[in-house]
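Accompanying notes for the structure given below.
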Amino acid sequence: MDSSRRCRTASTTTSPGSPFKGCASSSSATSTPSRRRPGMADIPYRFERTRDCASLHQEFDGIDAGAETGTRVSVAGRLMLRRVQGKLAFGTLQDSSGRVQLFAGAAWTAEFEEFGKLSLGDWIGASGEVVKTKRGELSIKVDEWVLLAQARRQFPDKWHGLADVDTRYRQRYVDLWVTDESRRTLQLRSRIISGLRRWLEDRGFVEVETPVFHPLAGGATAKPFTTHHNALDIDLYLRIATELYLKRLVVGGFEKVFEIGRTFRNEGLSPRHNPEFTMIEVYEAYADYTDMMTLTESVVADLARDLLGTTRLSYGGRDLDLTPPWRRATLLELVEEHAGVRVDIDMPIDDLRVVAKEHGVDVQPEWGPGKLVLELYEKTTESELWGPVFVMDYPQEVSPLARPHRSRPGWVERFEPIVAGRELGNAFSELTDPDIQRQMFEAQAAAKAAGDEEAMAVDEDYLRALEYGLPPTAGLGIGIDRLVMLFADAHHIRDVLLFPTLRPEQ
RNA sequence: GCGCCUCUAGCUCAAUGGCAGAGCAACGGACUCUUAAUCCGCAGGUUCUGGGUUCGAAUCCCAGGGGGCGCACCA
């Protein structure tokens, strides 16, 4: 970088109580003020800003062009644009709330020369009167200002911004400044999570934090990450779900409980998958899966109304109406609709195999009827669904933690909400019977022994908890990242993650 | 993992086998109401890396690396 960047700190004429109190002087005796490069010693330790950009627009956008308000404010942020014009200079300051124009002039701005030499990306604090220029742009008529951080690296092209998505993900700290969409999406993510939390707390749900390190990776079928604890000399798994600990808490008397947490699965990356992702799991005692359907459609619709102002969205150019109630249909009904075949798990398994094969399923000999039906659904139906729709009732064979259906033997009370063509989550009436749970775990353990890396192990402590008594309970898991994608009309999970998982540089 | 595409200045992009260029940013200068300000000037390169073909390679070939998209596994 150049060595001629000049000192641009505010003058020593600041009055007590001004935001510039404590700022170093640019005119110290030992240096040539106009050529001295600002060192960190010149950077103040604090800057008292009185307003953000958005609040200024909110209050003053109505004033006339050329008006002066007599109101003096202090703002801070990054200089994103700069237009120097002899004895006048205009700058565009951006903070987390928006942008406002800075209006400097040799006649009224301290260190005017240096102001005009600021680089794009420099952080500054500035004070002055709120005015509107002759051309009608709301501005701060800057009398004092101070450099808060120098952008030693050049900011991207002010018009084109960052086009290389890899750079955008790797250098999110730059992307967030120059790509409005990134900033909007990631701010929306924060509001979604905060909104979810508030929605549940308003209804008596209690947020908890359960361990990330699990001695057994349970609660879902997925490949875990493994790590090692030295002092205990044991291998631990990063959690693939929070489910089993949350249900232990229901046993412990947390009747309405939820956790918003990072979850880890050692699987491939794709537009919809990141190895670490965020799930919310919700458990409610005395409730069943129909209650969870109502909860799901309510919370999603309420959030959409609050954050987007409507429940009628557009995703990828296609309409999506989240207004409750959402359609509820069984998995078999939907398979019949989309594949045109009527199947069930009690039909002769050879017939089922034939039907599955006819629809392009790569049938494995060890699959039971439940797995065959599920594969048939995934192959023929799931991708055709747009939703929102609750796909209800799954085969027990593929649902080891769900409670058997109250009237359909071999099935469980489980649903997946499909929204915009993708699974948003998974929910069931929870399996409360420790004997059935043990059988389900043992079947899983057998599959694991046979080489299925994603199968579960027998969790004796969880069984012990069930033996103390789990009341009727409904549980729900929602992929937060996918919910954000939906609301933000984002089509890659990386667009809703601040720092997505990437291969390390070099 | 497999297939296809891609990588050139800080950023956005040209140059399609024949002297590596433009705009923006940076740097020097002009300019008292700009809005991606404008104008003049100046500087900026291991063309991802390594090999090969060729009189000559950013360009063609091979290998490797980064990235994108699709398929497969999955939330």
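What you see is a predicted model, and the numbers here were worked out from it, not measured in a lab. In what follows, every chain begins at residue 1, and chains take the letters A, B, ... in the order their sequences are listed. Computation of the quantities below employed the complete heavy-atom set of this structure, encompassing side-chain atoms and omitting hydrogens, waters and symmetry-equivalent molecules.
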Remember a base hit wins even if backbone is also touched, and classify [X] as base, sugar-phosphate or nothing at under 4.0 Å, heavy atoms.
{"X": "A:R82", "result": "sugar-phosphate"}
{"X": "A:V165", "result": "sugar-phosphate"}
{"X": "A:R422", "result": "nothing"}
{"X": "A:G161", "result": "sugar-phosphate"}
{"X": "A:R99", "result": "nothing"}
{"X": "A:E454", "result": "sugar-phosphate"}
{"X": "A:A222", "result": "nothing"}

| Aromatic plane relationship, A:W123 with A:W177 - under 30° parallel, 30 to 60° tilted, over 60° perpendicular |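 The arrangement is perpendicular - the two ring planes meet at more than 60°.
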
Given [options], the nucleotide with the shortest approach to the side chain of [X]:
{"X": "A:Q154", "options": "B:C13, B:G66, B:A26", "answer": "B:A26"}
{"X": "A:Q85", "options": "B:U32, B:A72, B:A75", "answer": "B:U32"}
{"X": "A:P271", "options": "B:A37, B:G70, B:G66", "answer": "B:G70"}

Nearest-Å distance, [atom1] ([X]) to [atom2] ([N])?
{"X": "A:Q94", "N": "B:A36", "atom1": "CD", "atom2": "C1'", "value": "14 Å"}
{"X": "A:K223", "N": "B:A75", "atom1": "NZ", "atom2": "P", "value": "13 Å"}
{"X": "A:K87", "N": "B:G29", "atom1": "NZ", "atom2": "P", "value": "14 Å"}
{"X": "A:H160", "N": "B:C24", "atom1": "NE2", "atom2": "P", "value": "11 Å"}
{"X": "A:D64", "N": "B:C33", "atom1": "CG", "atom2": "C1'", "value": "16 Å"}
{"X": "A:L88", "N": "B:C33", "atom1": "CG", "atom2": "C1'", "value": "6 Å"}
{"X": "A:N266", "N": "B:A75", "atom1": "CG", "atom2": "C1'", "value": "15 Å"}
{"X": "A:L120", "N": "B:G23", "atom1": "CG", "atom2": "C1'", "value": "15 Å"}

| said: By nearest heavy atom, map A:G91 and A:D164 onto RNA chain B; which one lands nearer the 5' end? | reply: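 It is A:D164, whose closest nucleotide lies nearer the 5' terminus.
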
| query | Of A:G86 and A:G136, whose closest RNA chain B nucleotide lies nearer the 5' terminus? | reply |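 Mapping each residue to its closest nucleotide by heavy atoms, the 5'-most match is A:G86.
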
| message | I need the residues from residues 367-392 of chain A with at least one non-hydrogen atom less than 4.0 Å from RNA chain B; give them sorted by number, or say none. | response |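 Within residues 367-392 of chain A, no residue comes under 4.0 Å of RNA chain B.
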
| Between A:R51 and A:T71, does any side-chain donor sit less than 3.5 Å from a side-chain acceptor? |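 Per modelled atom types, A:R51 and A:T71 side chains form no pair under 3.5 Å.
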
Considering only the [atom1] atoms, how many Å lie between [N] and [M], rounded to the nearest integer?
{"N": "B:G44", "M": "B:C27", "atom1": "C1'", "value": "10 Å"}
{"N": "B:C55", "M": "B:G23", "atom1": "C1'", "value": "36 Å"}
{"N": "B:A9", "M": "B:C42", "atom1": "C1'", "value": "15 Å"}
{"N": "B:G18", "M": "B:U59", "atom1": "C1'", "value": "11 Å"}
{"N": "B:U32", "M": "B:A58", "atom1": "C1'", "value": "47 Å"}
{"N": "B:A20", "M": "B:G56", "atom1": "C1'", "value": "15 Å"}

| How about A:W108 and A:F103: are their ring centroids closer than 6.0 Å? |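 Yes - the distance between ring centres of A:W108 and A:F103 falls below the 6.0 Å cut-off.
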
| query | Is the distance between the ring centroids of A:F213 and A:Y237 under 6.0 Å? | reply |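 Between A:Y237 and A:F213, which both carry aromatic rings, the centre distance is not below 6.0 Å.
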
| Which one of A:T185, A:T179, A:V178 satisfies the side-chain contact (heavy atoms from CB on, under 4.5 Å) criterion with A:S182? |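 Exactly one pass, corresponding to A:T179.
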
| field | Option among A:T501, A:D495, A:D164 that satisfies the side chain to side chain donor-acceptor pair (under 3.5 Å) test with A:Y169 | value |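 Of A:T501, A:D495, A:D164, side chain to side chain donor-acceptor pair (under 3.5 Å) with A:Y169 is met by A:D495 alone.
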
| Pair listing, salt bridge (Lys or Arg N to Asp or Glu O under 4.0 Å) test, anchored in residues 173-182 of chain A, at least two apart |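 Qualifying pairs: A:R168-A:D175, A:R172-A:D175, A:D180-A:R183.
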
| A:F428 vs A:Y394 side-chain heavy atoms within contact, under 4.5 Å |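 When only atoms from C-beta onward are counted, A:Y394 and A:F428 do not touch, as no gap falls below 4.5 Å.
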
| query | Is A:D362 close to A:Q364 at the side-chain level, that is, under 4.5 Å between some pair of heavy atoms? | reply |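 They are in contact (side-chain heavy atoms under 4.5 Å apart), so the answer is yes.
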
Does a side-chain N or O of [X] approach OP1 or OP2 of [N] to a distance below 4.0 Å, or not?
{"X": "A:H491", "N": "B:C69", "value": "no"}
{"X": "A:R83", "N": "B:C33", "value": "no"}
{"X": "A:K158", "N": "B:A25", "value": "yes"}

| said: For A:A67, is there any backbone N or O sitting under 3.5 Å from a side-chain donor or acceptor partner on A:K132? | reply: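 A pair under 3.5 Å: no.
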
| query | Quick one: do A:E375 and A:K379 make a salt bridge, cutoff under 4.0 Å? | reply |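 Salt bridge absent between A:E375 and A:K379.
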
| remark: Dot-bracket for RNA chain B, 5' to 3', Watson-Crick and G-U pairs with both distances under 3.5 Å, [ ] for crossing pairs, | for partner on another strand, reads (((((((..((((....[..))))..((((.......))))......(((((..]....))))))))))))....

| In Å and rounded to the nearest 0.5 Å, what is the CZ to CG distance from A:R327 to A:L334? |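 Those atoms lie 5.0 Å apart.
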
